[in-house]
Amino acid sequence: MKYDFSAVEQKWQKKWEDEGVFHAQDNSDKPKFYGLVEFPYPSGAGMHVGHIKAYSGLEVISRKRRMQGYNVLFPIGFDAYGLPTENYAIKTGIHPRKVTDMNIEKFSSQLKKVGFSFDWTRVVDTTEESYYKWTQWIFLKMFENGLVFRDKTLVNYCPSCKVVLSNEDSQGGKCDICHSDIVQKSKDVWYLRITEYADKLLQGLDKVDYLPNIKLQQVNWIGKSTGAFVNFEIDGTDEKMKIYTTRPDTLFGVTFMVMAPEHPLIDKYADKIGNMDEIEAYRAECAKKTEFERTQLVKDKTGVCIDGFEAINPVNGKKIPIYISDYVMMGYGTGAIMAVPAHDQRDYEFAKKFGIDIIEVIKGGDISVEAYTGDGEMVNSDFLNGFTKKAESIEKMVEVLQEKGVGEKGVQYKMKDWAFNRQRYWGEPIPVVHCEKCGIVPVPYEELPLRLPEVDNFQPGSDGESPLAKIDSFVNCSCPKCGAPAKRETDTMPQWAGSSWYFLRYIDPHNTEAFADMDKLKYWGPIDWYNGGMEHVTRHLIYSRFWHKFLYDIGVVPFDEPYSKRTAQGLILGPDGEKMSKSKGNVVDPNEVVDALGADVLRTYVLFMGDYEKAAPWSESSVKGCKRFIDRIWNLLEIVKDGEDYSKELETSFHKTIKKVSEDIENMKFNTAIATLMTLLNEIYEVGSITKGELKTFVKLLDPFAPHVAEEVWAQLGGEGLLAVAQWPEFDEAKTVDATIEVPVQICGKLRATITIAKDSSAEDAIAAAKADAKVQEFLDGKNIIKEIYVPGKIINIVAK
RNA sequence: GCGGGUGUGGCGGAAUUGGCAGACGCACUAGACUUAGGAUCUAGCGGAGUGAUCUGUGCAGGUUCAAGUCCUGUCACCCGCACCA
């Protein structure tokens with residue numbers, strides 16, 4: 001009988017939904033398991049096989065957990081605010097609300113077709129009022145606690161999207177959405193003080209189980225460095241030039257200073273600077289350079305010496321020239337550095353180009369060739385001469401600086417505060433009011449949600465102004481504090497806002513009194529296992545940990561790290577080995593695979609195609625292998641015989657398989673788990689029959705991967721209840737090893753024979769058995785045995801000359 | 001430049017962490033059943049050789065009874081960050 005996958009899959013999907021087997025219970029004596037996958041952005045293009053792979057990992061684990069008796073929360077939702085929807089709305093004139101609803105509908109039906117065991121009663125949509133009300137609430141709490149501020153600074157601006165971007169959203173100098181070059185623009189921007197949490201975000205990593213490369217990327221992104229701040233007097237003024245350095249021990253080697261071109265001291269003393277024209281020209285030149293050009297010209301240092309000012313080295317009183325150069329950034333440290341050309345390659349290149357002295361203070365390199373950044377004995381350094389350990393000389397120098405009152409220990413982070421507003425329509429309105437008298441006033445909590453108003457035109461203003469600014473009825477309001485006429489903030493929050501706390505809402509999605517009930521948070525938190533893409537490690541993961549830690553600090557969540565464990569899946573590449581993209585035309589549509597071959601085949605294939613954590617290309621023909629696998633399982637019903645016990649021929653294989661599949665799932669080694677099931681299937685066909693009990697065990701092991709065919713076979717065998725909640729099979733360690741084993745015999749490290757011995761044979765017996773083998777005797781003939789090795793159960797090696 | 005990772009058949013990938021390299025799947029070859037097959041089944045399938053056997057995990061050395069796995073050097077590719085002071 002041919003397997004009608006389409007009818008079978010629909011039948012069980014309906015049954016699961018009708019019986020609510022995947023609904024998480026808020027009150028349960030069972031142990032809990034909260035498995036989380038990154039909720040999708042519902043784009044118009046529909047789902048991608050990459051989504052299927054991303055969700056299949058924890059799908060398998062969640063299904064296994066249910067069968068192991070856990071109360072499982074495995075939710076799904078939609079991260080629906082964002083630019084693609086808005087751009088689509090601009091193009092078509094269809095309201096983003098409508099577009100979003102259509103896309104969510106499309107995604108939901110696709111997800112259901114694959115048979116994922118999500119709890120559909122807990123779906124969240126970040127664009128719904130009942131959801132974004134709480135996003136705004138958290139924002140106001142941050143405001144209340146001083147974590148929100150407004151500042152006019154140079155920001156990353158995408159001229160194509162007409163929007164300000166955070167540092168995280170403009171990595172590599174490219175816009176994350178449209179990949180245009182980012183420009184720097186001076187603008188009033190809302191910031192979240194994420195840097196205040198830099199240390200907590202760093203320290204929290206110690207107690208969570210994230211993949212090592214994920215932790216490392218977070219550590220690098222936060223970019224903590226320790227060093228010192230040093231104040232250099234500027235000759236002839238009361239001004240001090242503050243710099244940050246990680247190498248205060250090289251202070252005697254300073255031969256010049258460098259400021260960022262935008263440094264405010266330049267403007268302050270503009271009228272006393274002799275060559276202001278030259279400086280202005282240089283500044284203009286720098287502003288023109290894109291990020292790309294700046295990095296391409298790394299080796300070619302440029303700059304201008306400030307005429308009329310010199311700094312004074314605080315440890316030896318030497319006067320040193322001050323330059324401006326774009327190799328010093330305003331956004332890191334103090335925007336100014338002390339340059340030690342002998343021991344910093346960038347300073348070295350600058351000094352060479354401008355003919356500045358190079359003074360060696362650490363022995364060990366050849367400063368006529370390049371800067372020396374290694375350790376060595378200190379020289380030319382007064383009280384530091386003779387020191388050989390970096391840590392000690394730094395400590396001594398900081399001590400001296402502190403005594404003189406010209407410096408102190410300091411810490412710096414690469415991470416910057418989070419630019420939090422976007423000049424766009426489709427996002428959460430920032431709930432504050434600008435009042436002439438009172439300044440910035442938060443919208444009162446009881447007025448939340450602050451609803452997104454209707455507009456006719458979603459196009460952002462050409463001056464980088466939000467479309468909301470055009471809606472007078474929205475903009476004009478009265479100040480909540482003094483009642484005077486005031487104006488609303490018209491910018492919206494970035495896409496990352498809603499996703500920074502969605503995992504908390506799943507715990508209590510319909511609560512109208514709070515974003516989630518404390519008791520429920522205590523029961524479900526923290527998330528036991530979170531899987532998602534590597535591309536979110538330096539954004540979503542950092543942002544959401546920050547929000548969560550803040551919520552913990554104000555006492556509204558009971559655990560301080562949201563995710564106990566974090567893993568990441570690898571990409572599915574197109575059949576051509578390239579990253580899938582519409583423009584390359586190599587995108588595989590999961591719907592087509594489900595329609596042609598079935599959901600079980602799709603699910604099995606995305607996990608079988610390779611190591612879950614690595615990228616692997618899609619192969620049209622390999623999918624068929626999984627189709628055969630599913631069909632062959634179905635066909636087992638033709639060779640099934642009565643009996644609940646294991647048969648003699650297959651007992652060991654079953655115990656081995658249960659062990660291997662159980663362990664592989666825990667380690668996300670899904671490809672080898674499926675391979676093991678395939679091996680067992682081959683063995684069953686070799687034996688020619690299978691007992692009912694064996695087949696039941698087989699489909700239990702199969703259920704997480706291919707639940708539809710598994711459920712159908714289970715039902716045909718008369719299995720009790722739904723397989724989805726049947727008990728996960730157990731194995732007996734003692735029965736995972738055959739009574740007799742095959743052991744390879746090597747002579748001088750070369751394989752010469754294979755012998756069969758009892759599994760617990762002694763070394764003597766094993767070697768004696770090996771020597772009795774005709775082939776072995778042939779090779780040992782006329783030789784002296786030097787050494788005999790038996791690794792129990794593994795191998796015999798006889799060394800002879 | 002810094003940090004991390006990966007190199008194994010025609011292809012995707014296995015290898016209990018030092019113990020039979022190539023599990024499992026695809027593709028391919030031969031055969032069976034078919035009017036036919038992009039269906040199914042059987043057998044074969046790293047390379048060389050009729051064979052016993054030899055050889056083989058990017059490359060060159062080394063340690064070991066034994067190396068894909070450990071050590072030294074080297075090459076290539078991928079990912080992340082990037083003038084971070």
Side-chain angles (χ1 to χ4, degrees), chain A residues 2 171-173 212-214 216-217 219-221 223-225 227 243-247 250 258 260 291 294-295 297-301 325-329 331-340 343-347 349-350 412-416 534-535 537-538 570-571 573 577 604-605 608-611 613-629 631-632 635 656 659-660 663 669 671-682 685 742-754 778 786-800:
Chain A
K2 203 165 175 270
Q171 296 181 30
N213 54 335
I214 295 178
L216 201 74
Q217 269 196 44
V219 169
N220 289 342
W221 188 260
K224 182 176 182 171
S225 88
I243 61 96
Y244 174 73
T245 177
T246 56
R247 297 299 302 271
T250 61
V258 188
E291 196 83 12
R294 272 175 96 144
T295 51
L297 299 168
V298 167
K299 290 206 175 74
D300 188 23
K301 296 281 180 289
S325 171
D326 63 355
Y327 85 90
V328 173
M329 310 289 148
Y332 183 79
T334 61
I337 61 158
M338 63 178 216
V340 186
H343 306 290
D344 182 290
Q345 189 57 28
R346 294 153 302 172
D347 298 346
E349 283 156 15
F350 194 90
Q412 280 295 303
Y413 301 93
K414 285 188 205 173
M415 189 170 69
K416 293 179 188 163
M534 280 308 289
E535 70 275 22
V537 169
T538 49
L571 291 175
L573 305 172
T604 310
Y605 180 63
F608 181 65
M609 60 196 297
D611 188 329
E613 288 167 16
K614 289 191 193 131
W618 183 270
S619 159
E620 207 62 60
S621 56
S622 287
V623 186
K624 281 188 294 187
C626 291
K627 170 69 176 154
R628 284 185 198 135
F629 174 57
D631 286 343
R632 271 164 40 98
N635 290 334
K656 272 186 196 167
K659 179 180 179 181
K660 176 81 173 144
E663 289 173 356
K669 299 287 175 203
N671 54 338
T672 50
I674 294 167
T676 307
L677 288 171
M678 287 173 170
T679 307
L680 178 59
L681 185 64
N682 290 342
Y685 275 108
E742 286 201 341
V743 178
V745 182
Q746 293 183 336
I747 291 161
C748 298
K750 301 228 160 162
L751 180 70
R752 297 301 180 189
T754 308
E778 191 187 309
I786 296 166
K787 202 165 181 180
E788 293 167 337
I789 296 151
Y790 175 55
V791 182
K794 296 268 169 74
I795 204 164
I796 294 168
N797 194 5
I798 300 171
V799 186

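Each chain gets a letter, A, B and so on, in the order the sequences are listed, and its residues count up from 1.
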Scan [X] against the nucleic acid and name what it touches under 4.0 Å (heavy atoms): base, sugar-phosphate only, or nothing.
| X | result |
| --- | --- |
| Ala336(A) | nothing |
| Ile789(A) | base |
| Asn671(A) | sugar-phosphate |
| Lys659(A) | nothing |
| Glu788(A) | nothing |
| Thr246(A) | sugar-phosphate |
| Asp347(A) | nothing |

Below the 4.0 Å mark, does [N] have OP1 or OP2 next to a side-chain nitrogen or oxygen of [X]?
| X | N | result |
| --- | --- | --- |
| Lys794(A) | rA66(B) | no |
| Arg628(A) | rG25(B) | no |
| Lys750(A) | rU55(B) | yes |
| Asn797(A) | rC20(B) | no |

Scanning all shown strands, the Watson-Crick or wobble mate of rA30(B) with both distances under 3.5 Å is rU42(B)
Answer for the Watson-Crick or wobble partner of rG3(B), both distances under 3.5 Å, is rC79(B)
Looking only at side-chain atoms of [X], point me to the closest of [options].
| X | options | result |
| --- | --- | --- |
| Lys787(A) | rC65(B), rC83(B), rC24(B) | rC65(B) |
| Val791(A) | rA85(B), rG19(B), rG4(B) | rG19(B) |
| Phe608(A) | rC24(B), rG3(B), rC83(B) | rC24(B) |
| Thr679(A) | rA85(B), rA14(B), rC24(B) | rC24(B) |
| Ser621(A) | rA27(B), rC20(B), rA85(B) | rA27(B) |

Checklist line | Between rU57(B) and rA21(B) - C1' atom distance, rounded Å | finding: 8 Å
| query | Is the shortest distance from a Lys or Arg side-chain nitrogen in Lys2(A) or Asp631(A) to a carboxylate oxygen in the other one below 4.0 Å? | reply | no
In whole angstrom, give the distance that lies between atom [atom1] of [X] and atom [atom2] of [N].
| X | N | atom1 | atom2 | value |
| --- | --- | --- | --- | --- |
| Gln217(A) | rC78(B) | CD | C1' | 13 Å |
| Lys624(A) | rG12(B) | NZ | C1' | 15 Å |
| Tyr332(A) | rA85(B) | OH | P | 4 Å |
| Lys614(A) | rG13(B) | NZ | P | 8 Å |

rG37(B) glycosidic conformation (syn if within 90° of 0, otherwise anti) is anti
Regarding rU17(B), purine or pyrimidine glycosidic angle vs 90° from 0 gives syn
Give a yes-or-no answer on whether the side chains of Asn635(A) and Tyr685(A) include a donor-acceptor pair shorter than 3.5 Å.
no
Heavy-atom nearest pair, Tyr244(A) first then Gly333(A), reads CB-CA, 4.2 Å
